[in-house]
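Predicted model only: the values in this text are computed from it and were never measured. Every chain is numbered from 1 and lettered A, B, ... according to where its sequence line falls, protein lines coming before strand lines.
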Amino acid sequence: KRVRDTRTKLAPAYHLILEGILILWIIRLLFSKTYKLQERSDLTLKEKEELIEEWQPEPLVPPVPKDHPALNYNIVSGPPTHIITVNGKECINFASFNFLGLLNNEKVKSAAQASLKKYGVGTCGPRGFYGTFDVHLELEERLAKFMRTEEAIIYSYGFATIASAIPAYSKRGDIVFVDEAACFAIQKGLQASRSNIKLFKHNDMADLERLLKEQETEDQKNPRKARVTRRFIVVEGLYMNTGDICPLPELIKLKYKYKVRIFLEESLSFGVLGEHGRGITEHFGINIDDIDLISANMENSLASIGGFCCGRSFIIDHQRLSGQGYCFSASLPPLLAAAAIEALNIMEDSPDIFQTLRAKCERIHKALQGISGLKVVGESFSPALHLQLEESCGSRENDVKLLKRVVDYCMNSGIALTQARYLEKEEKCLPPPSIRVVITVEQTEQELDKAASLLKEAAQSVLN
Amino acid sequence: MTDLKYRLAPASEMSRYCFPNNAVSGDASRCVCLIDSSTVEEINHIVHNGGLYKRPFNEAFEETPMLVAVLTYVGYGVLTLFGYLRDFMRQWKIEKCQNATEREEQKDFVPLYQDFENFYNRNLYMRIRDSWNRPICSVPGAKVDMMERVSHDYNWTFTYTGRVIKDIINMGSYNYLGFAQKTGACQEAAAKVLSQYGAGVCSTRQEMGNLDKHEELEKLVARFLGVESAMAYGMGFATNSMNIPALVGKGCLILSDELNHASLVLGARLSGATIRIFKHNNMQSLEKLLKDAIVHGQPRTRRPWKKILILVEGIYSMEGSIVRLPEVIALKKKYKSYLYLDEAHSIGALGPSGRGVVEYFGLNPEDVDVMMGTFTKSFGAAGGYIGGKKELIDYLRTYSHSAAYATSMSPPVVEQIITSVKCIMGEDGTNIGRARVQQLAENTRYFRRRLKEMGFIIYGNEDSPVVPLMLYMPAKIGAFGREMLKRNIGVVVVGFPATPIIESRARFCLSAAHTKEMLDTGGSVLATRTKQFCKYTWEQEEV
């Protein structure tokens, strides 16, 4: 007998209907056309070749007009020292950043000669691969001792110093507060770091505090993110573009109030400010450990090539593996390092040159006041001043042409000057066109007076 | 040569025994090859785009043996575990923490370094740190003197004993033509210029820093390269990072080789252009990218690209490979893009008269739009240059970041370059330059052959003076460097992150100043002392 399984039941009606609908749906999907995404229309081979044929690139570089002011360089024959021969004419040099007059110093040159005889010229390798010479180690020690920090690191190119230092610490997502008048090297360092950049008005501490407060309220909305976001303030000791100094004591107060680190760029103030030439920290009497990183180039006061960063070992040692310009580039030629060491020796042995330089700066700053048509931009003790037009003539191009006539007038009468050069399209905040006046320790008082009176004459004849 | 037999063979079989049979058949893809001493075969090697190459192009990158790869990963795994253990002990103060730390006053600031970033530094790099940054105290020629340093706390700090290790054979410095000398014509000329001009310049090129020496140098370099005009800069790294942004910008496309140098990568990033990477030296990959770029245009907007710039290097310093320049130029012409060639390692080191990779392949320098190179390696100086058409150089003189903001080159360094370039060109009246270029080529061939015979895995092109020897395992990096130093040979070892994690290597940089005895010493030390831990290859040359 077959036992009927009483557990088998017919499925309920709704179940069958549902299954039927599903089967019909599957059949529909199987036979419907596939979607073609609107964006990716497949081109035929012929169409692709036509596109390749038709495409015309721009020329690699646009043509440069022959009379572009930056195209024709001044040619200096011989050393660019106190008396300089520019375009065949002998002049007194008011354009090279040779503040302490060490470019032509015999002791510096003989130290470099001795190094050349021992090491040759090049180092043939980066610091990691047999490019570290005892001269480099000595220079780093001497710089650290001079600046009274734990450690220093040297780079072979002044521009690359701050441009490699900033991206080593500040990465994507970090915040950097930077002054508007910061120099181009700092701007490139910030661009390479990919951090959030917040510009504050030049030397305006109230504006900076406003930005810091805004950041604080942002942080309270997202405290987790705030705990890992590093913050930095980047300022210059003596600004290249405006000739004035940053208010460092107020910055230190802001640093501890808002927990921000300070990076100080001292290319112009190293070897100029302070009783012994240690820079703006000595000028204001601030403890150097309060500044996280000091960066400077050795191409101004030290009359050599290259740059250095100094600070605590905790900070500086990091650059030995993450500073791009340090790890991936050949080290500084030993003769230039030896020249820098000797220049440091001279700075340490005769600290009265800083006072002499300051007196000369004050003198010419006073003498240049009151020139009709030109105004002096910069502090009275700054050795790198700018002379800007009091009233612009409408366009930057015309301003530049006018200033060129002033410079040419002075050059023809024996004072070598230059206009401050900028890349107009690349600068974040382009400074107005100006004439750069550089004061060095080698200029005598008569020469300073001569320069001032010549500039007055030039302004009279060209601008009126 | 009696009976010539003919057969077809793939390009991978081309060896150093092949030489092009141009004289007979006018066809560069056919070679006359010595198979064994009794037979000579004429072989048609099928080379992709073979007609473009006038000489055999022999490059080899032997695959990592499977066992070695596994053991290397295991090695790194063990090191990582130990690293975590040590960090744990340091955190709980069981072990003394040797790291420099943050100031007390700033302990509540956001930490400057993330713990993980420094894990590799603290636990792996620190163990073998003595292989790098070795201080020397003599001219970096074929033999060098090194300051001895010891560490009593496992490489956290070093002290100098005061002793100098003399006459170490230097196979680490980039001294290809042996111009790193402390005596000789170059040094004397540099000394004269130093006493006349001083060491520094204190101004930029566009302001008051353009000396007559710079103009002389640039004209000479242009003549040397065979281009219309050239411009020189103070730092090779900065030449790339400051000029690529001046040439391309937003709306342009950069096609960059996978293994390009950090300076090229930084320059490309700073320019703001779109960057696409093609596989190392792989022409099919490059062609595909070019086709796609022109056909599809910019992403999303579909506008056509303003320009396309291809970034390649002459010799890649970590791989020892030479760029496939004939094919790159053919592609560049077909797709109307521009070529930026970085000859940092190849200028002076390749080519019958040292003119670089363009001369090595017998090509026209005018086909390369931007010829860039450095003076650090073959000229014994410092700095970089860019050569090209006059419009290009005029544009760079006006708009290069370096010309406007960076101090110009130091005069004695300029003089060293002028003298060494004249020497290489033969314009100083001697044959020294020519002899050195030939000596370097001989040294390269000899050394590479010897290492291959000994059974090491060597990467790169047969003619490249950069010879990477594979080590793979992390512990061998330190051991190799130290063993070689004990026997007075200085080599460079590289590991992660400069190379892929399992492909650590030792790198030899050959020089014209190396004599055969020095190379033999190096070879014998490798054969006897270090062969236990470096012989990996299964391929044996059939000679």
Test side chain to side chain contact (heavy atoms under 4.5 Å, CB included) on A:F129 and B:R134; report intermediate values, then the result. CA-CA 7 Å; A:F129 303 151; B:R134 290 180 172 162; over 6 Å; no
Is B:Q416 close to chain A through its backbone or its side chain, or both, or neither, when contacts mean heavy atoms under 4.5 Å? side chain
Using the ring centroid of each side chain, check whether B:Y113 and A:F314 are separated by less than 6.0 Å. yes
Looking at A:Y73 and B:R205, what are the two nearest heavy atoms and their distance? CG-O, 3.8 Å
Under 4.5 Å from any heavy atom of chain A, what part of B:T101 do you find: side chain, backbone, both or neither? backbone
Flag, side chain of A:Q113 to backbone of B:A191, donor-acceptor distance under 3.5 Å: yes
Side-chain touch B:Y160/A:L137, heavy atoms, less than 4.5 angstrom: yes
Rounded at 0.5 Å granularity, tell me how far OH in A:Y169 sits from CG in B:L112. 7.0 Å
Check: B:N210 side chain, A:N74 main-chain N or O, donor-acceptor pair, under 3.5 Å: yes
Under 4.5 Å heavy-atom distance to chain A, tell me which part of B:V193 shows up: side chain, backbone, both or neither. neither
Selection from A:I84, A:V121, A:N105 maximising heavy-atom pairs under 4.5 Å formed with chain B: A:V121
Using side chain to side chain contact (heavy atoms under 4.5 Å, CB included), reason through A:K255 and B:F109 one step at a time and then give a plain yes or no. CA-CA 10 Å; A:K255 166 185 169 162; B:F109 280 43; 4.0 Å; yes
What's the shortest heavy-atom distance between B:D394 and A:L71, and which atoms? O-CD1, 3.6 Å
For A:R127, is there any backbone N or O sitting under 3.5 Å from a side-chain donor or acceptor partner on B:W132? no
Have B:E207 and A:T418 got a donor and an acceptor in their side chains that come within less than 3.5 Å? no
Is A:R421 positioned over the aromatic face of B:Y405, cation under 6.0 angstrom from the ring centre and no more than 45 degrees off axis? no
Work out which heavy atom in B:Y395 is nearest to a heavy atom in A:V61; give both atom names and the distance. CD2-CG1, 3.4 Å
Counting distance only, does the side-chain N/O of B:K182 pair as donor-acceptor with the main-chain N or O of A:Y119 below 3.5 Å? no
Could you look at A:S96 and say if it's the side chain, the backbone, both or neither that has a heavy atom under 4.5 Å from chain B? both
Okay, A:L423 and chain B: the region with an atom under 4.5 Å from a heavy atom over there is both
Using every non-hydrogen atom in the two residues, find where A:R312 and B:E102 come nearest and quote the distance to one decimal. NH1-C, 3.8 Å
Treating A:R261 as the side-chain partner and B:V110 as the backbone partner, does any N or O pair qualify as donor plus acceptor under 3.5 Å? yes
Rounded at 0.5 Å granularity, tell me how far CG in A:L51 sits from NZ in B:K291. 13.0 Å
Relative to chain A, which segment of B:Y125 carries a heavy atom at a distance below 4.5 Å: side chain, backbone, both, or neither? side chain
So which part of A:E427 gets closer than 4.5 Å to some heavy atom of chain B, the side chain, the backbone, both or neither? side chain
Looking at B:R103 and A:D289, does any basic side-chain N land under 4.0 Å from a carboxylate oxygen? no
Reported OH-to-NE2 distance for the pair B:Y399 and A:H68, which is rounded to 0.5 angstrom: 3.5 Å
What I want to check is whether the side chains of B:Q106 and A:K259 have a donor and an acceptor closer together than 3.5 Å. no
Minimum heavy-atom distance B:G380-A:C124, with the two atoms named: CA-SG, 4.3 Å
B:L266 and A:A192: which non-hydrogen atoms are nearest, and at how many Å? CD1-CB, 4.0 Å
Go through the atoms of A:T123 and report whether side chain, backbone, both or neither lie under 4.5 Å from a heavy atom of chain B. backbone
Atom pair CD (A:E299) and OG (B:S408), whose distance is rounded to the nearest 0.5 Å: 9.0 Å
Straight-line distance of B:C252 SG to A:E58 CD, nearest 0.5 Å: 6.5 Å
Atom CD1 of B:I136 and atom NE2 of A:H136: how far apart are they, to the nearest 0.5 Å? 9.5 Å
For B:A382, is it the side chain, the backbone, both or neither that has a heavy atom under 4.5 Å from a heavy atom of chain A? side chain
Honestly, the part of B:S400 sitting under 4.5 Å from a heavy atom of chain A is backbone
Residues B:K336, A:E53: salt bridge by 4.0 Å N-O rule: no
Below 4.5 Å from any heavy atom of chain A, which atoms of B:S138 appear? Answer side chain, backbone, both or neither. backbone
Is a side-chain donor or acceptor of B:Y338 paired with a backbone partner of A:L60 at a separation under 3.5 angstrom? yes
